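Below: one structure, written as structure tokens.
First listed ligand is number 1; within each ligand, the first listed atom is number 1. Throughout, residue positions are numbered sequentially from 1 according to the sequence presented. Keep in mind that what you see is a predicted model, and the values were worked out from it rather than measured.
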Amino acid sequence: MKPTVLELRRKKGARLVMLTAYDFPTARIAAQAGVDLLLVGDSLGMVVLGYDSTVPVTMDEMVHHTKAARRGAPEAFLVADLPFLSFTSAEQAIANAARLVKEAGADSVKLEGGTEVAPIAAALVRAGVPVLGHVGLTPQTASSLGGFKLQGKDEETARRAIEGAVAMEGAGCWGVVLELVPAPLAALITGRIAIPTIGIGAGAQTDGQVLVFHDLVGLFAGYTPSFVKRYAEAGELIRGAIERYAAEVRDGAYPDATHSFRMDPEVLKRIGGD
Ligand code: KIV
């Protein structure tokens, strides 16, 4: 059954399982597999839409994919990302969160950033929108962080991640994603805040883990970060299936009689067939 936000806030140490899902079949399979939380991440821009970063992702694209994921998993707790520059003011954030929650059916929004976005997160929470924070590597602003790099190795960036997580807790978020930070820093943050942390490339001592579906199943042809464990090679499987289909069409093996429809011979004769 879908947890309430109040229940989620109490899931410290619960080893929550979160997975991205951007469409009907994936959301359905992930929900059937028992995933606790689904995320319509703006990573869809890279793994589904072919952009080279998450920066170009639009609100319309997020709404479109969130609706599809919701149809696939009507009972799941579904989080949707507010994309880059869609939450530059409280008013804009509330209007865009309303699209994700009311129009597309998300249960919560996620927004990237630390202390600088905490007032926006607080405004969303005051407006009644459940918010998941996201600190450490924030892909939407990766270029100002020096690229897709481990965050929090030095004192300055480690303090920034801690302060960001604390600020998001103070803003009323129900949880915080910690992306690409050293495991000891993630453990420290997890011990310091009372809401669940969900790690990605953040070691084992967070309260949950999240992965990008396409990385997990081996469907993304681009760079796979070293923290990702590929549990399947779905890309290989699919390519093999398509190659067999093409070969069978070309040599006449498909479609055979078992994959064709019969017709009453009398009717066929009457219309000029034999
Ligand atoms: O967009 C996304 O998929 C994310 C996860 C990597 C946490 O933000």
Please work out which of L132, T138, L39 has its closest non-hydrogen atom nearest to atom 5 (C) of ligand 1. L39

Suppose I only count heavy atoms of T20 and a 4.0 Å limit; which atoms of ligand 1 are within that range? 3 (O)

With backbone taken as N, CA, C and O and side chain as the heavy atoms from C-beta onward, which portion of K110 lies under 4.0 Å from ligand 1: side chain, backbone, both, or neither? side chain

salt_bridge(D274, K269) N-O dist < 4.0 Å: no

Ligand-residue contact atoms, ligand 1 with G41, heavy atoms, under 4.0 Å: 1 (O), 2 (C), 3 (O)

Would you mind reporting whether L145 and R160 have side-chain heavy atoms less than 4.5 Å apart? yes

If you have a sec, work out which protein heavy atom is nearest atom 2 (C) of ligand 1 and how many Å separate them, to one decimal? S43 OG, 3.3 Å

Aromatic rings Y22 and H65: how do their planes relate, parallel, tilted or perpendicular, breaks at 30° and 60°? perpendicular

Any ion pair linking E103 and R99 (charged N to carboxylate O, less than 4.0 Å)? yes

Counting only nitrogen or oxygen atoms and a 3.5 angstrom limit, does E179 reach ligand 1? no

Are any of the heavy atoms in M18 under 4.0 Å away from ligand 1? no

For atom 6 (C) of ligand 1, find the nearest protein heavy atom and state the residue, atom name and distance (0.1 Å precision). I200 CD1, 3.6 Å

If you count the atoms of ligand 1 from 1 in the order shown, which ones are under 4.0 Å from a heavy atom of D81? 1 (O), 2 (C), 8 (O)

Gap separating the CG atom of D23 from the CZ atom of R28, nearest 0.5 angstrom: 12.0 Å

Going from CD1 on I193 to CD1 on I162, what distance comes out if it is rounded to the nearest 0.5 angstrom? 10.5 Å

Quick check on contacts: which atoms of ligand 1 are under 4.0 angstrom from a heavy atom of D42? 1 (O)

Using the rule given for side-chain hydrogen bond (donor to acceptor under 3.5 Å, both in side chains), can you reason through T190 versus T206, listing the C-alpha separation, both sets of side-chain angles and the distance that settles it, and then say yes or no? CA-CA 6 Å; T190 299; T206 51; 5.6 Å; no

